[in-house]
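The residues of the chain are indexed from 1 along the displayed sequence.
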Amino acid sequence: MTIPYSTSGTIDANGESVAIDYRGEVPNTRRFNGAAGIQLVGTFTGTLNIEVTRDGTTYAPIQALNEATGMLNTAMTAAGLYRVELAGVRALRVRSVAWTDGAVNVTLLAVEG
């Protein structure tokens, strides 16, 4: 059974993030085993890192596919559509680093496989 889960938020400063996170669920055993889509809308100058965690505490970078260019990268610097393949991930987040200006609306849609 495929269960979609989505969230969205705005990033407009360094260190902010938007995340899909199953940690609040009881009995806290759900994991993403499918894919996630990332949509960035807005004008900004900065870098957005794509990160996942399996233990709920330590985040690590993961590559996303830029749907327009076909390139894989662990960071995004422009608005667009991106796709991430996930396996056994507890949370996915997009986090701003080296932020200079502007705002971006981040929408995350994950599908549990």
Between the side chain of [X] and the main-chain N/O of [Y], is any donor-acceptor distance below 3.5 Å?
X     : Y     : result
Ser17 : Arg93 : no
Thr53 : Thr58 : yes
Arg54 : Val89 : no
Asn49 : Ala75 : no

Could you pull out the closest heavy-atom pair between [X] and [Y], with the gap in Å?
X     : Y     : value
Thr10 : Glu16 : O-OE1, 3.9 Å
Ala79 : Gly42 : CB-O, 3.6 Å
Ser8  : Val18 : C-CG1, 4.1 Å

**Q.** Option from Val84, Val104, Leu48, Thr107 for which side-chain contact (heavy atoms from CB on, under 4.5 Å) with Val94 holds
**A.** Leu48

**Q.** Name of the residue among Asn14, Thr47, Thr45 meeting side-chain contact (heavy atoms from CB on, under 4.5 Å) with Thr100
**A.** Thr45

Q | Quiz item: cation-pi between Arg95 and Tyr59, 6.0 Å / 45° | A | no

Q: Determine whether Ile50 and Tyr82 make a side-chain contact, defined as any pair of heavy atoms from C-beta on separated by less than 4.5 Å.
A: no

(Q) Measuring from atom CD1 of Ile62 to atom CG of Leu86, what distance do you get when rounded to the nearest 0.5 angstrom? (A) 5.5 Å

